[in-house]
Amino acid sequence: MGDNAEPSVSLDFESLVARYYRSLYQFAFSLTQAEADACDLTQQTFYVWATKGHQLRDASKVKSWLFTTLHREFLESRRRQTRFPHYELDHVEEELPSISPARVNQLDSAQVLLALAQVDALYQAPVALFYIEDLSYKEIADVLSVPMGTVKSRIARGIAQLQKSLACDSPRGQAPKGNP
């Protein structure tokens, strides 16, 4: 049971990174055409190796395992992008509801928590972790096991839903206009 294809393959993490990082990154860049995305894919591939690589039985197949994993991660990220597209806020600003400063001052935390309960479940946790628990984007990404970009977009969408919900609620204790 020898490694006749690549006899010097060492399966320890640092050796694999040193040996394959550059070629994995180049492959990722050829798929994504973006430096940041290529770095993310490469890092995700090594993360998967760190968590599941021990399951590989044939050390001579480590290179193909890494490249296959990177490609699968790329395909999954594209599916995720299709399901949850990223929009720059300045491009969709007109779609976001506006809340006047006077309305913000009238809100209390109970109202905000009630409104937060009306936000889609997918967006509730990131919004609550960011605004109520004061976690950073990175900390939220770690807690929810999603990329940081996903955290940012979920917070933005959650805030949009929260604002919409709060804008639709009438202020408590105010008489309708026209009544003395």
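In what follows, residues are counted from 1 in the order of the sequence shown.
Taking CG of Leu24 as the start and CG of Leu16 as the end, the distance is 9.5 Å to the nearest 0.5 Å. Within the model, atoms NZ of Lys52 and CH2 of Trp65 stand 8.0 Å from one another, a figure rounded to the nearest 0.5 Å. Considering OG1 of Thr42 and CZ of Arg22, their distance stands at 12.0 Å, rounded to 0.5 Å. Rounding to the nearest 0.5 Å gives a distance of 10.5 Å between CE of Met148 and CD of Glu139. Asp58 CG to Ser64 OG: the interatomic distance, rounded to the nearest 0.5 Å, is 8.5 Å. Within the model, atoms CD1 of Ile155 and CG of Leu162 stand 12.0 Å from one another, a figure rounded to the nearest 0.5 Å.
Between Tyr137 and Phe130, the angle of the ring planes stays under 30°, which puts this pair in the parallel group of the 30/60° scheme. Tyr21 and Phe46 have parallel rings, their planes meeting at less than 30° on a 0 to 90° scale where 60° marks the start of perpendicular.
In this structure, the side chains of Ser77 and Gln44 stay at 4.5 Å or more apart for every pair of heavy atoms. Looking at Leu144 and Leu129, their side chains come closer than 4.5 Å, going by heavy atoms from C-beta outward. Contact annotation: the side chain of Leu41 never approaches that of Phe27 to less than 4.5 Å [non-hydrogen atoms, C-beta and beyond]. For the pair Val17 and Trp49, the minimum side-chain heavy-atom distance is 4.5 Å or more. With a 4.5 Å cut-off on side-chain heavy atoms, Arg154 and Val146 count as touching.
A search for ring pair (Phe, Tyr, Trp, His ring centres under 6.0 Å) contacts involving Tyr25 returns nothing, not counting sequence neighbours.
Checked options Thr68, Val62, Leu70; the residue passing with Leu66 is Val62 (criterion: side chain to side chain contact (heavy atoms under 4.5 Å, CB included)).
Residue Tyr47 qualifies as open at atom OH: its count of foreign heavy atoms under 6.0 Å is 12 or below. A 6.0 Å sphere centred on CD of Glu35 holds no more than 12 heavy atoms belonging to other residues, nucleotides or ligands. Enclosure of atom CD in Gln33 by more than 12 non-hydrogen atoms of other residues, nucleotides or ligands within 6.0 angstrom is indicated. Few gaps surround CZ on Arg78; more than 12 heavy atoms of other groups in view lie less than 6.0 Å from it. More than 12 heavy atoms of other residues, nucleotides or ligands sit less than 6.0 Å from atom CZ of Arg79.
Looking at Gln161, its side chain does come within 3.5 Å of a backbone N or O of Asp120 through a donor-acceptor pair.
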- Task: Dump the intermediate steps for side-chain contact (heavy atoms from CB on, under 4.5 Å) on Phe84 and Thr150, then the final yes or no.
- Result: CA-CA 8 Å; Phe84 308 108; Thr150 301; over 6 Å; no

- Task: Test Thr32 against Asp40 for side-chain contact (heavy atoms from CB on, under 4.5 Å), laying out the working first.
- Result: CA-CA 10 Å; Thr32 64; Asp40 290 346; over 6 Å; no

